[in-house]
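The block underneath contains the structure these notes are about, expressed in structure tokens.
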Amino acid sequence: MAKKKIFYGWFVVAGCMLLRLGIGIPNYSLSVFLKPMCDSLGISRGAFSAYSTFSHLMTMLMLPLMGEWFRKYNFKRLLWLGAIMTTVAMFSYSLVRKVWHFYAFSALYGIFSGMLNSVPIAMLMANWFKKKRALATSIAFAGSGISAMVMVPVANAIIEAASWQAAFRTIAVAYMVFTFLPLIFIIKVHPSEVGELAYGEEADACEESTAVQNQGITRNEAMHTKAFWLVALCMLLTGFVFMGTQNHVIAYLTDVGHSSSFASLSYSVIMLFDTAGKILLGLVFERLGFKKTTAIIFGLFFASECVLLFATTRAMAILYAVMMGLCAGIQTGLYPTVINYLFGDREYGLIYSNLNVMYFVGMSLGVPASGYIYDFCKSYRPAWIAYGIVIVIIAMMLFVAERFSKREVAEIHR
């Protein structure tokens, strides 16, 4: 009996994991540089954290174009353009002498990072998977946690042994390796390139693919629904809370008495469970559906903020890291699946690229907001309390968005 061939889409998932592994290096390791760069450049934590505003603002401005560009132009060339230019930006961080240099290079990174990030990966998963998409998407996005788990303590060790400039050069090389290799050897844009159909697509592909393509609503139709704008607000607030917490957690843990090495270790634990959490999120969503998955993941997110308030002992710090890691797949695992669930396949890439803008708006505001709250209050705890309240509000709004979506999509299809 002939051995069954492995579906190539799973190799594409592995390639996307490697891309995300590369993307996770700058996204997560920059928190290690907060204290040493502030001391070296003589700036406040709020001023340092404003780099995220420049990076995320440029990404936000580019994201609405990404869905159109990846549909209209050569998909693979856009991925390559993003990989090359973000590598240049990563190397440039080691040349920073003044804070505005850091802002400028962060803006350069932000312009091109969207070409490797959530939108193209979500579109690739939509191309390759009609079934098991929630699981495939969650696995594809899981790579960022692995890189951060390794690179955060490595960067911290290099900073302590040499300098933050040497650490930036090291992580830039690692970034280049993990973004270039999958583009060269693994990633294919469409199943037809290897003579296959999407996972779950029937052999009578022409009739079936047309039916699948017509499911859901268009971007213009979605933008006239209450559900769309509720999800947009949820994504903004999620980005605000998530990055406002994550990018300051190492500084917070050292503030409450932990060593920098233990703080970096705790961050690595977050990333370890980030990887497991994203994969589990896909499995849970397919098994339990929207409502139960949303309740579980946001309940865990709220609980993690509560535990962080008391992370003065090592046990509580590690407990926080585990909990935060398990719910870290909200943006890259939950929201792409929720958007597809609410609005369908028809113009999924366009709808997702527009909504993802709001997540980056939230990230660009959340990181400096936490820094300025610390500068004003001399503590991060007021931020953690406020963020816990916001998390409960987000979950409630998502439940309302689902109710609106069912009614509004049905009305559009009449």
Side-chain angles (χ1 to χ4, degrees), residues 24 27-39 45-46 48-49 144-161 238 240-278 280-281 296-330 366-367 369-392 395:
N27 283 359
Y28 296 117
S29 64
L30 284 179
S31 59
V32 178
F33 292 84
L34 193 153
K35 279 192 171 182
M37 286 191 72
C38 285
D39 293 340
R45 295 186 189 184
F48 173 89
S49 301
S144 57
I146 299 170
S147 64
M149 179 179 64
V150 175
M151 292 308 299
V152 166
V154 167
N156 187 68
I158 295 172
I159 290 170
E160 292 182 347
T238 302
F240 188 98
V241 172
F242 192 82
M243 296 305 290
T245 303
Q246 183 172 272
N247 277 37
H248 289 268
V249 72
I250 290 179
Y252 170 72
L253 290 176
T254 57
D255 286 345
V256 297
H258 299 292
S259 67
S260 61
S261 59
F262 176 78
S264 296
L265 174 64
S266 299
Y267 199 85
S268 294
V269 172
I270 294 176
M271 295 303 107
L272 172 64
F273 282 88
D274 168 283
T275 303
K278 286 174 181 172
L280 285 171
L281 179 59
I296 290 169
I297 198 73
F298 279 95
L300 192 60
F301 196 10
F302 172 80
S304 71
E305 292 287 336
C306 295
V307 170
L308 187 58
L309 289 168
F310 305 99
T312 53
T313 66
R314 290 196 167 195
M316 292 297 282
I318 294 298
L319 177 60
Y320 161 76
V322 171
M323 296 173 71
M324 184 62 170
L326 288 174
C327 63
I330 290 174
V367 177
S370 293
Y372 285 119
I373 289 172
Y374 173 85
D375 291 340
F376 182 78
C377 301
K378 304 305 177 187
S379 171
Y380 285 111
R381 284 193 172 94
W384 309 156
I385 294 169
Y387 293 167
I389 296 169
V390 172
I391 289 167
V392 175

Q. Can you name the salt bridge (charged side-chain N to carboxylate O under 4.0 Å, His left out) partners of Asp375, sequence neighbours left out?
A. none
Q: Salt-bridge test for Lys35 and Asp255: reply yes if a basic N is under 4.0 Å from a carboxylate O, no otherwise.
A: yes
Q. What's the shortest heavy-atom distance between Ala311 and Val256, and which atoms?
A. O-CG2, 3.8 Å
Q: To the nearest 0.5 angstrom, please state how far the OG1 atom of Thr245 sits from the CD1 atom of Ile270.
A: 9.5 Å
Q) Taking atom types as modelled, is there a side-chain donor on Ser261 or Glu160 under 3.5 Å from an acceptor on the other? A) no
Q) Rounded to the nearest 0.5 Å, what separation is found between the OG atom of Ser379 and the OH atom of Tyr252? A) 7.0 Å
Q) What is the ring orientation for Tyr380 with Trp384, classed by angle as parallel under 30°, tilted 30 to 60°, or perpendicular over 60°? A) parallel
Q) Can you name the nearest heavy-atom pair linking Leu253 to Ala263, along with the distance? A) CB-CB, 4.0 Å
Q. Closest heavy-atom contact between Arg381 and Thr312?
A. NH2-CG2, 3.6 Å
Q. Is a side-chain N or O of Ser370 found less than 3.5 angstrom from the main chain of Val367, in a donor-acceptor match?
A. no
Q: Can you see which heavy atom on Pro382 is nearest to which on Ile373, and at what distance?
A: CB-CG2, 4.4 Å
Q.
Please determine whether the number of non-hydrogen atoms from other residues, nucleotides or ligands lying under 6.0 Å from atom CZ of Phe48 exceeds 12.
A. yes
Q: Rounded to the nearest 0.5 Å, what's the gap from CD1 on Ile330 to CZ on Phe301? Could you check?
A: 5.0 Å
Q) Between atom CZ of Phe302 and atom CD1 of Ile391, what is the distance when rounded to the nearest 0.5 Å? A) 8.0 Å
Q) Do the ring centers of Phe242 and Tyr387 come within less than 6.0 Å of each other? A) no
Q: Enter the distance from Leu300:CG to Ile296:CD1 here, rounded to the nearest 0.5 Å.
A: 9.5 Å
Q: Give the C-alpha distance, both sets of side-chain angles, the deciding distance and a yes or no for side-chain contact (heavy atoms from CB on, under 4.5 Å) between Glu305 and Val241.
A: CA-CA 10 Å; Glu305 292 287 336; Val241 172; 4.1 Å; yes
**Q.** Gap separating the CE atom of Met243 from the NE2 atom of His248, nearest 0.5 angstrom
**A.** 9.0 Å
Identify every side-chain donor-acceptor pair in residues 313-324 under 3.5 Å, counting partners at least two apart or on other chains, and give the distances.
| unit_1 | atom_1 | unit_2 | atom_2 | d |
| --- | --- | --- | --- | --- |
| Thr313 | OG1 | Met316 | N | 3.3 |

Q) Got Ile250 and Leu34 here, is their nearest side-chain heavy-atom distance under 4.5 Å? A) no
Q) Within a strict 4.5 Å, meaning less than it, do heavy atoms of the Leu281 and Lys278 side chains meet? A) no
Q: Check whether the ring centres of Phe262 and His258 lie less than 6.0 Å apart, and answer yes or no.
A: yes
